[in-house]
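Just so it is clear: chains get the letters A, B, ... in the order the sequence lines come, proteins before strands, and each one is counted from 1.
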Protein chains: 2
Amino acid sequence: MKRTSLAGDSCPVARALDVFGDWWSLLIIRDASLGRRRFGEFQASLGLAKNILTTRLRALVERGILKTVPASDGSAYQEYVLTPKGHGIFPILVALRQWTEEFDEHPDEIATIMVDRDKGKPVKKLALLSQDGRVLGAADTTLKLRPARKASRRASA
Amino acid sequence: MKRTSLAGDSCPVARALDVFGDWWSLLIIRDASLGRRRFGEFQASLGLAKNILTTRLRALVERGILKTVPASDGSAYQEYVLTPKGHGIFPILVALRQWTEEFDEHPDEIATIMVDRDKGKPVKKLALLSQDGRVLGAADTTLKLRPARKASRRASA
DNA sequence: CAACGAAGTTTAATAATGCAACCAATTGGA
DNA sequence: TCCAATTGGTTGCATTATTAAACTTCGTTG
């Protein structure tokens, strides 16, 4: 079976999914972005098996999403915190959240809303803008082949 | 495996992942948003096993992301197209794409860039704004308990 | 109407997941 | 200081998912 790896794919969506596209990683990242850091915190919050959590944490560290830091409350245990690369996933979490807010069949089951810390008011929907400031929908965009950057650096197809 | 269902979770991120958080669904949705509609197109593009594709397509139809339409080129086969709920996933695809563009170790392997159809220029990064127009980062946001919905007042925007 | 292709289904092997039990090091407490 | 509980795992085993490939069932084509 050997779950097909998407790592070599040329599509950036696939490449992202290859890094954190499994069943648990994004939830771990969500928890981390909410300030959870300890193995036990993740395990209690997510309710996943500990061996799976071990595997996932290791993979996320390996891929540069999380890093382990020695302590924080003085104990000899280690903690898992987001790297900048991990913090960069935040917009994806927001997009997922907003999709549920808009399309879920049971919005009454959603417990939380995202607000800006200053005013406490709900944030606006993520907006995709053109360089001249127009709001773009899916139909207003296209994909173009990435212009070749440096010299000849043709990896695989 | 019995992949634990996230359907009943109160976190909107988990609820979204429950719908299309598996290994293939988002790629199928990506393909659909690029205009692919036929079983064979998806299979050829994604290179996944046909039985898996069958399962995934069925699940996505069941969950209201895709719908089957009778034809389009006159043949008696059916096609799979995005519903509005499915089109709503577009920002998530954009967010995934932009994360890879920013953080991938091998950006030279990314084949395409997203441009606005009018000008052909790259789109800007998704921006999260407060209601008064400030750009918000993860640290500028918090989660609040969703206010209980009043029956008489109108639903929130 | 025979052959071909599209769209699945079935089957069997293999890999990922979940659960529970186990274990070593750390910590807290008496 | 010594012991018990907690933390952070590891190990086995049963269960479920994924995969590739062979097989089926149509519709389409020559």
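- Considering only side-chain N and O atoms, B/Arg56 lies nowhere under 4.0 angstrom from the phosphate OP1 or OP2 of D/dT19.
- Across the protein-nucleic acid pair, B/Leu57 atom CG and C/dT9 atom C1' stand 14 Å apart, rounded to whole Å.
- Residues from residues 33-49 of chain A placing a heavy atom under 4.0 Å of any atom in DNA chain C, listed by number, are A/Ala49.
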Show every donor-acceptor pair shorter than 3.5 Å between a side-chain atom in residues 43-52 of chain B and any protein atom, with sequence neighbours excluded, or say none if there are none.
| unit_1 | atom_1 | unit_2 | atom_2 | d |
| --- | --- | --- | --- | --- |
| B/Gln43 | NE2 | B/Leu48 | O | 3.0 |
| B/Ser45 | OG | B/Asp31 | OD2 | 2.5 |

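- In this model, no donor atom of one side chain and acceptor atom of the other lie less than 3.5 Å apart for B/Ser10 and B/Arg15.
- A salt bridge does not link B/Arg37 with B/Glu41: every distance from a Lys NZ or Arg NE/NH1/NH2 to an Asp or Glu carboxylate oxygen is 4.0 Å or more.
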Where protein sits on nucleotides 23-30 of chain D, one letter per nucleotide: B base, S sugar-phosphate only, - none, heavy atoms under 4.0 Å: ----SS--

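- Under the rule for a salt bridge (charged side-chain N to carboxylate O under 4.0 Å, His left out), the partners of B/Lys125 that lie at least two apart in sequence or sit in another chain are B/Glu102.
- Positionally, the nearest nucleotide of DNA chain C for B/Thr54 lies more toward the 5' end than for the other of B/Thr54 and A/Asn51.
- Against DNA chain D, the stretch residues 20-27 of chain B makes heavy-atom approaches under 4.0 Å through B/Trp24.
- The phosphate of C/dG18 (OP1 or OP2) has a side-chain N or O of B/Thr4 nearer than 4.0 angstrom.
- Taking 4.5 Å as the limit, every side-chain heavy atom of B/Thr83 sits out of range of all side-chain heavy atoms of B/Leu66.
- Less than 4.0 Å separates DNA chain C from no heavy atom of any residue of residues 60-68 of chain A.
- Distances shorter than 4.0 Å separate some side-chain N or O of B/Tyr80 from OP1 or OP2 on C/dG8.
- Listed by chain and number, the hydrophobic cluster partners of A/Val69 are A/Val81, where partners are ILVMFWY side chains within reach of under 4.5 Å, directly or through others.
- In this entry the distance linking CG of A/Leu6 with C1' of D/dT19 reads 14 Å, nearest Å.
- Listed by first and then second residue, the ring-ring contact (aromatic ring centres under 6.0 Å, His included) pairs involving residues 22-45 of chain B amount to none (not counting sequence neighbours).
- For residues 57-105 of chain A, the set of pairs meeting the ring-ring contact (aromatic ring centres under 6.0 Å, His included) definition, not counting sequence neighbours, comprises A/Trp99-A/Phe103, A/Trp99-B/Phe20.
- Using a cut-off of 4.0 Å between Lys/Arg side-chain N and Asp/Glu carboxylate O, A/Arg38 and A/Asp73 are scored as salt-bridged.
- Side-chain proximity of B/Gln78 to C/dG8, D/dG9, C/dG18: nearest is C/dG8.
- Shown here are the side-chain hydrogen bond (donor to acceptor under 3.5 Å, both in side chains) partners of A/Asp116, two or more places apart in sequence or in another chain: B/Arg134.
- Not counting sequence neighbours, the partners of B/Glu105 by the side-chain hydrogen bond (donor to acceptor under 3.5 Å, both in side chains) test are A/Lys85.
- Listed by chain and number, the hydrophobic cluster partners of B/Ile113 are B/Val115, where partners are ILVMFWY side chains within reach of under 4.5 Å, directly or through others.
- Regarding A/Leu53, its CG atom lies at a distance of 16 Å from the C1' atom of C/dA16, rounded to whole Å.
- In this structure, the side chains of A/Leu96 and B/Pro12 stay at 4.5 Å or more apart for every pair of heavy atoms.
- Scanning all heavy atoms of the two residues, the minimum distance from A/Gly120 to B/Lys144 falls at O-NZ, 3.1 Å.
- For the pair A/Arg58 CZ and D/dT10 C1', the computed distance is 9 Å after rounding to whole Å.
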